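The next block holds one structure in the form of structure tokens; read it before the comments.
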Amino acid sequence: MRIGIMGAMVEEIEPFLKKEIDDEKLLEDFKIKEEIEYAKNRYYIGEYKNLEIVLCYSKIGKVFASLSASTLIEHFKCEKILFSGVAGAINPELKIGDLIVAKKLCQHDLDITAFGHPPGYVPEGAVFVEADNDLIKIAKEVAKEKSIKLKEGIIATGDQFVADQRRKDQIAKIFGADALEMEGAAVGVVCDACNIPFFILRAISDSADMDAAFDFDEFLKDSSKRSSSFILNMLEKISENEKI
Ligand code: ADE
């Protein structure tokens with residue numbers, strides 16, 4: 001099976017590339033064999049146990065994320081996509097370093113409400129896109145086995161770094177979101193349209209409030225590591241399931 005692993009920023013996939021993972025044993029079998037430039041991005045072709053891996057970072061935002069997700073599917077023929085990265089917390093339960101997996105995602109900045117449509121909706125689309133239940137189930141198994149706290153919730157995506165309590169409260173109220181970031185729903189919409197199972201994991205880097213920019217810079221690296229480690233544990237399980 002060929003699996004696409006995506007982040008948005010290079011820091012989000014660096015733990016895979018530099019082998020900077022807390023549990024280094026996990027990375028022993030993760031091998032990058034080739035680097036390919038495509039559509040102004042770099043794709044790292046590798047393997048992990050019996051899985052073929054295509055790893056990339058899209059660059060920040062919905063447009064770049066859509067391009068990379070489409071490339072992973074159409075050009076590199078990935079059969080599943082797993083996203084790893086960081087997010088701003090909305091739900092006060094979520095603290096820096098905590099992991100959240102998206103049950104469903106929305107685009108908080110998609111707005112044609114002037115025409116009477118609900119926020120986040122355009123004709124022939126849907127407000128929410130749902131992540132793959134089987135991949136979420138695998139994530140829950142990993143969390144249980146490793147005693148890692150994992151929240152399942154709603155992630156709101158938009159082309160905006162939110163560092164403002166009022167904007168954060170609005171997104172919480174309108175979409176019931178637990179966390180926010182800038183790529184997940186874009187990946188979800190592309191995968192949903194192409195019938196490719198997808199999974200969005202985020203480790204909290206900040207609380208999308210007035211301290212967000214400072215916290216983001218401070219915790220980006222560590223939170224990216226936490227998310228990457230979890231993804232590797234999932235790959236191990238997916239690889240085991242493949243053998244059955
Ligand atoms: N990713 C991590 N923190 C974020 C924030 N505050 N806003 C948007 N995307 C983020």
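Here the structure is a predicted model, which is why all the values come from computation and not from measurement. Atoms within a ligand are numbered from 1 in the order they appear, just like the ligands themselves. Throughout, residue positions are numbered sequentially from 1 according to the sequence presented.
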Present, as a list of atom pairs with distances to 0.1 Å, all nitrogen or oxygen contacts under 3.5 Å between ligand 1 and the protein.
residue: ligand 1; atom: 3 (N); partner: Gly88; partner atom: N; Å: 3.2
residue: ligand 1; atom: 3 (N); partner: Asp206; partner atom: OD1; Å: 3.4
residue: ligand 1; atom: 3 (N); partner: Asp206; partner atom: OD2; Å: 2.6
residue: ligand 1; atom: 6 (N); partner: Val162; partner atom: O; Å: 2.8
residue: ligand 1; atom: 6 (N); partner: Asp206; partner atom: OD1; Å: 2.9
residue: ligand 1; atom: 7 (N); partner: Val162; partner atom: N; Å: 2.9

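At a cut-off of 3.5 Å, with distance as the only test, no side-chain donor of Asn41 or Thr71 sits close to an acceptor on the other residue. Inspection of the Ser207 and Asp209 side chains reveals no N or O donor paired with an N or O acceptor under 3.5 Å.
Both Phe76 and Val187 are members of a single hydrophobic cluster when ILVMFWY side chains are connected at heavy-atom separations under 4.5 Å.
In Tyr43, the OH atom is crowded: over 12 heavy atoms of neighbouring residues, nucleotides or ligands sit closer than 6.0 Å.
The aromatic rings of Tyr48 and Phe30 sit tilted, their planes meeting at an angle between 30° and 60°.
Residue Ile60 shares its hydrophobic cluster (ILVMFWY side chains chained together at separations under 4.5 Å) with Met9, Val86, Phe161, Met182, Phe216, Leu220.
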